[in-house]
Asker: 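Let me give you the structure first, and then I'll get to my questions.
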Amino acid sequence: MNDSGVHEVVIVGAGFGGLGMAIRLKQEGIDDFVVLERGDDVGGTWWANSYPGCQCDIPSNLYSFSFAPKHDWETAYPMRDQILEYLRDCARRFDVLRHTRLSCELLGATWVADQQHWELETTGEPLAARVLVVAPGLLSEPWSPELPGLDRFEGKAFHTARWDHGDDLTGKRVALIGSGATAVQAVPAIQPRVGKLHLFQRTPPWVIPHMDHPVRPQLRELYGRVPELQRLSRAAIYALRELMVPGLTRHPRWLKAQELNARLNLRRQVPDPELRRRLTPDYEIGCKRIVLSNDWYPAIQAPNVELVSSGVSEVRERSIVDGDGIEREIDTLVFATGFKPAELPIAERLRGREGRTLAEVWDGSPEAYLGTTASGFPNLFMLYGPNVNLGHNSIVYMLESQINYVSDALRTMRDRGAAEVEVRAAAQDAYNFEIQERLAQSVWNNGGCGSWYFDSNGRNSIQWPGFTFEYRRRTRRFDTPAYRLAPPTRAAGQSSSVGGGGGSAGAAAGVGGAGSVT
Ligand SMILES: Cc1cc2nc3c(=O)[nH]c(=O)nc-3n(C[C@H](O)[C@H](O)[C@H](O)COP(=O)(O)OP(=O)(O)OC[C@H]3O[C@@H](n4cnc5c(N)ncnc54)[C@H](O)[C@@H]3O)c2cc1C
C-alpha cells in the first residue's frame, strides 16, 4: 500500500480465477495486493457447491492450474471435496492467504478519475486500488424461479449451491426442480435415502455414459515420480476435447456421433418407450451442456422416484402442485435451477469514468474486449467475463489465459509509465461484432434450446465461439494499440508513490513515473 493507502491491485473473488491471479502477482514479485472473498473460505464454486454428488465433468488431469499439478487425484473426474482441498492447498502453498480477507464482500467500486484509482466500499473497511481485478465467477449467483405460494411453504427449501446439510433427507418426501447438470449429479446421490422424490423436469438433457473411475494408487504414484506422464495425459485430454469445437461452433451435424451415443445410452438404460420419449431432448445435442452420467436414468426409474413434466403451478404450506393441478405432499423443496450469469450483481457495483455502472452501460447485454476489459472502466480487468464460457473444455484454461493478459497489462503499464489503461470503444465494438457473427453459426444459437447463454435481450453473452487455443493466442500479449494509456495525473502522482518513485506501486504494477504514453 502506498502513503495514501492505495493498494496496487485488489482482486475480488477467491475461486480459481482470483487465486490464480493472486499467485501470478506473487510470481511477478507484486506483493501489494488484497483478495476480497465474501465466502467464509477460498474455493469459489467448489466451496459454495457442496451438494451430494457434486463433481467436475472435466478430467482431473486437466482441471487444475498448469503451474500446480496434483498427481494424486482419487478419481478420473474430480469430486468437489478434492478440488476444494486442492484450491485450499494452492492458497496456502503460494502464500495467498496472508493477502485474503474472507467474509468480506465488495459492495461498490468507483473510478476516481483525478486520482486514477478505484475506491472500494466493502463489508469490511474501505479500500483503494490502482488496478481492480474482478473474478466473481459466472456461476456464483444461484437463481430459482419465483413460484406462487413459495413464501407459505413450511418445509425446508434451498438451492443446490446453498445445500442445507442440516436436512439429511432420510425418509423425506422431496421435490427437486430442475434436470440439468446439477440435478443429474444430485438425484442419484440422494435417491437411495429419500422416502419419495418428485423430480420436476422442464427440458431433458442429452446424457452420455460417464468414463469416471478410481485412479489406481500405482498410477498416482507414477504421476508423482514422472510428472511428464501426467502432463502428457493432460495434453491428450485437452486436444481430444478441442475436437468438439468445429461441431459446437460451425457444423452441428458433426456432433451426430455424440447424439447417437446419447440415444443408445437412453435406449440401453430406459426400456419403457413412453418414459424414453419423455427423456428425449427436442433440441440439438451441444445446444446445452452435454451431461455425463451412468446413474441418472437408473435413479429416475427407482420405485421411489416420480418424473413430473407438467411444471409447477403452486407451492402450498406442505405440498407442491404441478401444472396439471395434482398436489403432492412434500417435506423439502430443492432448487437445481442453476444460475443467472448474464445479470451478475457485480456489474451494478462497478461505476466507471462517466459515473455509470457497468450494468447500466451493458443494459442487459454484457460485453467486454477479450471478455476482460470494458471501455469507460479504466484499470478494471474481469476474469470469466462475457463470452469466455465453454461447452467442452476446462474454464481454468481460459482463466489462465486471462491471467496472462492481465499480467502483461501490468508489465506494459510499468514499462510505459502509464497510470491508466482503458480499452478503446472501437476495439471493443469490432471484437464483439466478430464474436456475435461467429456465434450466429453455433449450435448454441441454432440448436433450438433456450439456455442460460442468452441474456435478457436474447443475445448470447456467455459462450466463446472458437478453439480455446485461439483465445490463448489472442490474450498472450497485452495489445496496446487497442488501448488508451495515460500517464499519472498530478493529483495521482502526488497522492501516491506512483510518480514519486517510491513504494511498491512503482515496482509492481509499476504505474509510476512520467513516460511516453499513447
Ligand atoms: C456446479 C458447477 C459445476 C461446474 N463444473 C465445471 C466443469 O465441469 N468444468 C469447468 O470447466 N467448469 C465448471 N464449472 C464452472 C466453474 O465455475 C469454473 O470452472 C471455475 O471454478 C470458476 O472459477 P472463478 O474463480 O472464475 O469463479 P468462482 O469459483 O465462482 O469464484 C468466484 C468467487 O467470487 C466471490 N465473489 C463474488 N462476488 C463477490 C463480491 N462482490 N465480493 C467478494 N467476493 C465475491 C464468490 O463468493 C466466489 O467465491 C462448474 C460450476 C458449477 C457451479
Side-chain angles (χ1 to χ4, degrees), residues 10-22 34-60 62-65 77-80 83-84 86-87 90-91 100-109 120-124 127 132-143 159-163 178 180-186 210 212 237-238 241 289-292 336-339 341 344-350 371 382-385 388-400 402-403 452 462 464 468:
V10 167
I11 299 168
V12 179
F16 265 105
L19 289 178
M21 188 73 242
V34 173
V35 181
L36 303 179
E37 170 53 59
R38 69 182 174 191
D40 297 343
D41 200 350
V42 301
T45 291
W46 306 104
W47 175 77
N49 287 269
S50 60
Y51 62 82
C54 183
Q55 186 176 28
C56 180
D57 63 13
I58 297 292
S60 315
L62 182 56
Y63 194 74
S64 57
F65 289 124
Y77 290 75
M79 296 301 294
R80 174 261 182 183
I83 306 174
L84 179 59
Y86 168 77
L87 285 171
C90 286
T100 307
R101 299 187 190 173
L102 296 174
S103 309
C104 186
E105 180 167 354
L106 178 79
L107 299 175
L120 313 179
E121 188 195 339
T122 77
T123 49
L127 292 168
L132 180 60
V133 180
V134 294
L138 191 68
L139 306 177
S140 54
E141 302 295 333
W143 177 84
H159 190 279
T160 47
R162 301 285 182 271
W163 194 267
T182 297
V184 169
Q185 294 180 345
H210 205 328
D212 193 25
I237 296 164
Y238 170 80
R241 299 193 81 88
R289 197 175 181 90
I290 301 171
V291 173
L292 316 175
T337 40
F339 304 86
L344 291 180
I346 194 114
E348 291 163 19
R349 300 178 182 188
L350 303 173
M382 293 173 260
L383 303 187
Y384 209 174
V388 170
N389 191 52
L390 306 172
H392 70 292
N393 217 328
S394 168
I395 297 301
V396 180
Y397 182 91
M398 300 299 270
L399 290 170
E400 282 198 44
Q402 294 189 288
I403 290 165
W452 53 267
I462 301 294
W464 165 250
T468 60

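Numbering of ligands and ligand atoms starts at 1, following listing order.
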Asker: Pick one of side chain, backbone, both or neither for how Ile58 approaches ligand 1, counting any non-hydrogen atom pair under 4.0 Å.
Answerer: both
Asker: Only heavy atoms of Asn393, strictly under 4.0 Å: list the atoms of ligand 1 that pass.
Answerer: 11 (O)
Asker: Which residue supplies the protein heavy atom nearest to atom 47 (O) of ligand 1, what is that atom called, and how far is it?
Answerer: Glu37 OE2, 2.7 Å
Asker: How close do Gly13 and Val35 get, heavy atom to heavy atom, and via which atoms?
Answerer: O-CG1, 3.6 Å
Asker: Starting from atom 52 (C) of ligand 1, find the nearest protein heavy-atom neighbour and note its residue, name and distance.
Answerer: Thr45 CG2, 3.5 Å
Asker: For Gly17 and Leu399, which heavy atoms make the closest approach, and how far apart are they?
Answerer: N-CD1, 3.7 Å
Asker: Give the residue and atom name of whichever protein heavy atom lies nearest to atom 11 (O) of ligand 1, and the separation in Å to one decimal.
Answerer: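 It is Ile395 N, 2.9 Å.
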Asker: Checking a contact table here: which protein heavy atom is nearest atom 15 (C) of ligand 1, and how many Å away?
Answerer: Tyr384 OH, 3.9 Å
Asker: Any idea which part of Ala135 is under 4.0 Å from ligand 1, heavy-atom wise: side chain, backbone, both or neither?
Answerer: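 The answer is the backbone.
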Asker: Which residue owns the protein heavy atom closest to atom 10 (C) of ligand 1, what's the atom, and how far is it?
Answerer: Tyr63 CE1, 3.6 Å
Asker: For the backbone of Gly124 and the side chain of Arg101, can you confirm whether one donor and one acceptor N or O come within less than 3.5 Å of each other?
Answerer: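 No, the answer is negative, given that no donor and acceptor are paired below the 3.5 Å cut-off.
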Asker: Using a 4.0 Å cut-off to any heavy atom of Gly17, which atoms of ligand 1 qualify?
Answerer: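 Near Gly17, meaning under 4.0 Å from one of its heavy atoms, ligand 1 has 24 (P), 25 (O).
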Asker: Given Leu36, Val35, Asp57, identify the one with the heavy atom nearest to atom 7 (C) of ligand 1.
Answerer: Asp57
Asker: Using 30° and 60° as the class limits, which term best fits the ring planes of Tyr86 and Phe65: parallel, tilted or perpendicular?
Answerer: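 Ring orientation of Tyr86 relative to Phe65: tilted.
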Asker: For His210, give me all partners under side-chain hydrogen bond (donor to acceptor under 3.5 Å, both in side chains), at least two apart in sequence or on another chain.
Answerer: none
Asker: Considering heavy atoms of the protein only, find what lies nearest to atom 31 (O) of ligand 1 and give residue, atom and distance to 0.1 Å.
Answerer: Gly44 CA, 3.5 Å
Asker: Suppose we call two aromatic rings close when their centres sit under 6.0 Å apart. Are His159 and Tyr51 close by that rule?
Answerer: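 When the ring centroids of His159 and Tyr51 are compared, they turn out to be at least 6.0 Å apart.
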Asker: Which ligand 1 atoms are under 4.0 Å away from a heavy-atom of Ser394?
Answerer: 11 (O)
Asker: To the closest 0.5 Å, what do you measure between CD1 (Ile395) and CD (Glu400)?
Answerer: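 Between atom CD1 of Ile395 and atom CD of Glu400 there are 12.5 Å.
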Asker: Please identify which atoms of ligand 1 are closer than 4.0 Å to at least one heavy atom of Leu139.
Answerer: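 In order of numbering, the contacting atoms are 51 (C), 53 (C).
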Asker: For atom 4 (C) of ligand 1, which candidate among Phe339, Trp46, Phe16 holds the nearest heavy atom?
Answerer: Trp46
Asker: To the nearest 0.1 Å, how far is atom 43 (C) of ligand 1 from its closest protein heavy atom, and which atom is that?
Answerer: Arg38 N, 3.3 Å
Asker: Cys104 heavy atoms, cut-off 4.0 Å: which ligand 1 atoms fall inside?
Answerer: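 So the answer, numbered in order with elements, is 43 (C).
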Asker: Quick one: does Gln55's side chain have a donor or acceptor within less than 3.5 Å of a partner on Gln185's backbone?
Answerer: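 No, the answer is negative, given that no donor and acceptor are paired below the 3.5 Å cut-off.
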Asker: Could you check whether any side-chain N or O of Thr160 sits under 3.5 Å from a backbone N or O of Ala336, counting only pairs where one atom can act as donor and the other as acceptor?
Answerer: no
Asker: Under a 4.5 Å cut-off applied to non-hydrogen side-chain atoms, are Trp143 and Pro341 in contact?
Answerer: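 They are not in side-chain contact.
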Asker: Relative to the heavy atoms of Glu105, which atoms of ligand 1 are at a distance of less than 4.0 Å?
Answerer: 40 (C), 41 (N), 42 (N), 43 (C)
Asker: For the backbone of Tyr77 and the side chain of Asp212, can you confirm whether one donor and one acceptor N or O come within less than 3.5 Å of each other?
Answerer: yes
Asker: Quick one: nearest non-hydrogen protein atom to atom 1 (C) of ligand 1, plus distance?
Answerer: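 Here the closest protein heavy atom is Tyr51 OH, 3.6 Å.
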Asker: For Gly13, take its heavy atoms, then give the atoms of ligand 1 lying under 4.0 Å from any of them.
Answerer: 33 (C), 34 (O), 35 (C)
Asker: Quick one: does ligand 1 sit under 4.0 Å from the side chain of Gln55, the backbone, both or neither, non-hydrogen atoms only?
Answerer: neither
Asker: Go through ligand 1 atom by atom and flag the ones less than 4.0 Å from a non-hydrogen atom of Ser140.
Answerer: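 Near Ser140, the atoms of ligand 1 are 30 (O).
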